[in-house]
Amino acid sequence: MIDIAIDLGTATVLVYVKGKGVVYEEPSVVAVDKATGKVLKVGKDAQMMLGRTPGNILAVKPLQDGVISQYDVTLKMLKYFIRKATGPTIFKPRVMVCVPSGITEVEERAVYDATIAAGAKKTYLIEEPLAAAIGAGIDVSKPKGHMIVDIGGGTTDIAVISLGSIVVSDSVKMAGNKIDEEIIKYIRRKHNVLVGEVTAEEIKKKIGCVWPFDNQYVMDVKGRCLKEGLPKMIEINSEEVREAITPMAKSIVDAICHVLERTPPELVGDIAASGIVMTGGGSLLYGMDRLIERASGIKTYIAENPTSCVVIGTGRSLDNMQVLPEGIINISRQRQERL
């Protein structure tokens, strides 16, 4: 029996096979032929097509804000990754998928149905913050409070974990993709130049920050001048990028402080002693940990391999499949009960 863990992220899909570790890390982008509906490319090859396709080919991101927005395309993408991970076999694998903590019952059901339809024998779901904490090396089974902040592509999941379960949580739709959007808006507003998503992501990775660098960094950016409609090269510096994305970063910090306000005092004491752990690609944004530390007054640090924490934690949870309920876990109802 093959056991697979999948981090079905808005920006990236990571696949973990039990006994092998993380085997695939690909962008969650699919290129589809409009006429036939046939999947042409998945992952890195499809990402290269974003904004560059002819009329008959559509390069899409089938997941938005951490949940499925295009069911059929997501199904084809899952089929591709499951077949790639299992290889030629007649046995269907057991699959564990992580989902955002703010997911609704309908969105949860969509993930479950798509995974079963993609070829899974049994499907199990796990909440992202819990998987991230396990992947970061935290012993979640003890009666001790830990705070995890997972900044992904579509959502930022914040949770306080104790005794192997989430005590207080929040999921805000402010993360990597929204930061890219803010960079695009800022350049359009200030320089009157339109840049694409791929360029915005490159700017974020190279000179993006929410805390001033010791030295200011500069980057040449190509785009389309909105006045003349012609190509234009402009120079962007790290201070401009910080100005563009700081409001978004402050919204994430506000959500963290709001979760702390709702956390039982004993657990807040534990968090103050152990610190806040950050995971996800968004945690690599320069100064994000400092911004959270200054606002909360609690030591904040980035986990080792932050981008892989969620899938590694999901993979480690494969050992507990025997005691986990199959199918949807009704996260929305659990959240209501916690409130």
Side-chain angles (χ1 to χ4, degrees), residues 7-12 28 61 63-69 98-108 110-111 125-133 136 146-161 166-186 200-201 204 208 210-211 242 244-263 268 271 276-285 287-296 298 300 302-303 306-307 309-310 331-336 338-339:
D7 175 8
L8 199 60
T10 308
T12 313
S28 12
K61 292 181 175 180
L63 294 132
Q64 294 293 326
D65 302 328
V67 294
I68 294 171
S69 62
C98 59
V99 291
S101 58
I103 199 169
T104 66
E105 202 170 326
V106 174
E107 291 163 345
E108 205 179 337
V111 174
L125 302 182
I126 183 171
E127 289 177 89
E128 261 175 41
L130 193 58
H146 296 279
M147 183 175 233
I148 196 96
V149 178
D150 179 48
I151 307 174
T155 58
T156 295
D157 285 284
I158 307 146
V160 174
I161 296 163
I166 292 173
V167 181
V168 187
S169 70
D170 196 6
S171 182
V172 289
K173 291 176 180 178
M174 292 175 189
N177 288 357
K178 285 283 192 293
I179 289 170
D180 294 346
E181 284 174 28
E182 290 304 311
I183 291 170
I184 292 168
K185 284 178 191 172
Y186 181 87
E201 191 170 0
K204 177 183 72 180
V210 291
W211 195 273
R242 187 170 79 88
I245 63 181
T246 294
M248 181 71 66
K250 283 183 176 172
S251 299
I252 292 170
V253 170
D254 289 344
I256 292 166
C257 293
H258 183 56
V259 170
L260 282 168
E261 284 168 15
R262 288 158 40 214
T263 304
V268 171
I271 295 162
I276 296 169
V277 182
M278 293 178 68
T279 64
S283 65
L284 297 171
L285 195 62
M288 197 70 205
D289 51 342
R290 290 198 207 176
L291 200 68
I292 294 169
E293 194 170 311
R294 188 178 69 177
S296 64
I298 298 169
T300 304
I302 301 164
T307 52
C309 275
V310 172
I331 294 169
S332 54
R333 196 191 68 223
Q334 289 178 5
R335 191 166 62 251
Q336 291 296 323
R338 287 200 291 265
L339 295 171

Determine yes or no for a side-chain-to-main-chain donor-acceptor pair under 3.5 angstrom, with Thr279 supplying the side chain and Pro306 the backbone.
no
Does a side-chain heavy-atom distance below 4.5 Å link Ile148 with Ile158?
no
Beyond-backbone contact of Val111 with Ile68, side-chain heavy atoms, under 4.5 angstrom:
yes
Does the side chain of Cys98 come within less than 4.5 Å of Leu8's, by heavy atoms?
no
Exercise: identify the closest heavy-atom pair between Leu285 and Val210
CD2-CG1, 3.8 Å
Looking at Ile298, is its backbone amide N or carbonyl O close enough to the side chain of Thr300 to form a donor-acceptor pair, meaning the two atoms are under 3.5 Å apart?
yes
Is the backbone of Ile151 close enough, under 3.5 Å, to the side chain of Thr155 for a donor and an acceptor to pair up by distance?
no
Is there a side-chain contact between Val167 and Thr263, using heavy atoms and a 4.5 Å cut-off?
no
Considering non-hydrogen atoms only, spot the tightest contact between Val172 and Ala255 and give its length.
CG1-CB, 3.9 Å
Treating Thr156 as the side-chain partner and Met174 as the backbone partner, does any N or O pair qualify as donor plus acceptor under 3.5 Å?
yes
Can Met288 and Trp211 be said to form a side chain to side chain contact (heavy atoms under 4.5 Å, CB included), step by step?
CA-CA 7 Å; Met288 197 70 205; Trp211 195 273; over 6 Å; no
Is any side-chain heavy atom of Val277 less than 4.5 Å from a side-chain heavy atom of Val149?
no
Ignoring hydrogens and angles, tell me if any N or O in the side chain of Arg262 forms a donor-acceptor pair with the backbone of Ser169 under 3.5 Å.
yes
Roughly how far, to the nearest 0.5 Å, is SG of Cys309 from CE of Met278?
11.5 Å
Search all heavy atoms of Ile302 against all heavy atoms of Ser283 and return the closest pair with its distance.
CD1-O, 3.3 Å
Does some side-chain heavy atom of Leu63 sit less than 4.5 Å from a side-chain heavy atom of Ser28?
yes
Less than 4.0 Å between a side-chain N and a carboxylate O, is that true for Lys185 and Glu182?
yes
Contact check, side chains of Ile166 and Val160, non-hydrogen atoms, under 4.5 Å:
no
